[in-house]
Structure formats: structure tokens, C-alpha cells
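One structure is given below, encoded as C-alpha cells.
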Amino acid sequence: MRHVAAYLLLQIGGNADPSAADVKKLLSTVGVEADETRLETLISELKGKTVNDLIAEGSAKLASVPSGGGGGGAPAAASGGAPAVAAEEKKEEKVEEKEESDEDMGFGLFD
């Protein structure tokens, strides 16, 4: 990642086609040693591409990546309406009671 960041910084800074030596020089200014094999691979893959081209390619690839779950289906509506609401309130109350009983656990935080 540091090699890509250095390459992009050099391009944004005005170097239209940074070389491996340029990237090494930039990384050395902040005390980072460049990995030769990764750097050569990066330079060969990015040769002749601009930052805008790389962003467009990356955006196209990210668009095909799933970005979360479907969220599940919506619950079925109850025919009566009011009983369903009352049942939900009872469930919530039960959950709260459990939380309160587990909260103390026989000791205090500042004892």
C-alpha cells in the first residue's frame, strides 16, 4: 500500500510517469524501505495510467463487490394491529428485565 500511495503522490505532485527510483526516493525521505519485487510489479501494472484512470478502474471494480447484507425481509403485518404492538412491548420489557438482573452481578465497579 505504501508503494501505491507514494506512486500516486508523485503523480499528483506533477510526475506524470514515476519510476521505481522516484518511488524509492520518496519512501526513503520518510524512513521506509521499498520492496523491490512489489515495486517492480507496481510500476509495470501502472505504467502509462493516470490517477483518474486508476480511480475509474477501482470504482468499476468496487461497484461489483457486495457491500453488506440484504437486511432481511420485512416482518409480516398482523391482522389486528394492536395485539402485535402489545406483544412487541412485552418482549421488550422481558429483555430489559434480564439486562437489569445481569447488570449488578454481585459486585460493583468501584468496590
Would you give the length of the straight line joining atom CG of Leu10 to atom CG of Leu26, rounded to the nearest 0.5 angstrom?
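Answer rounded to 0.5 Å: 5.0 Å.
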Reported CG-to-CD distance for the pair Asn52 and Gln11, which is rounded to 0.5 angstrom
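It comes to 9.0 Å.
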Which atom pair, heavy atoms only, marks the closest approach of His3 to Ala34?
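Scanning both residues, the minimum pair turns out to be NE2-CA, 3.6 Å.
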Contact summary for Leu27 and Ala6, nearest pair of heavy atoms
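Smallest heavy-atom distance, with atoms named: CD2-CB, 3.9 Å.
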Pair listing, side-chain hydrogen bond (donor to acceptor under 3.5 Å, both in side chains) test, anchored in residues 24-34, at least two apart:
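Pairs touching residues 24-34 that pass the test: Lys24-Glu36.
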N/O donor-acceptor pairs under 3.5 Å from side chains in residues 56-64, not counting sequence neighbours:
unit_1	atom_1	unit_2	atom_2	d
Glu57	OE2	Lys49	NZ	3.4
Ser59	OG	Ile55	O	2.9
Ser64	OG	Lys61	O	2.8

Go through it in stages, so that I can follow the logic: the residues are Ile43 and Tyr7, the test is side chain to side chain contact (heavy atoms under 4.5 Å, CB included), and I'd like the CA-CA distance, side-chain angles, deciding distance and then a yes or no.
CA-CA 8 Å; Ile43 297 298; Tyr7 185 90; 3.8 Å; yes
Just jot down the side-chain contact (heavy atoms from CB on, under 4.5 Å) partners of Ser19, sequence neighbours excluded, or say none.
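Counting only residues at least two positions away or on another chain, Ser19 forms a side-chain contact (heavy atoms from CB on, under 4.5 Å) with Ala21, Asp22.
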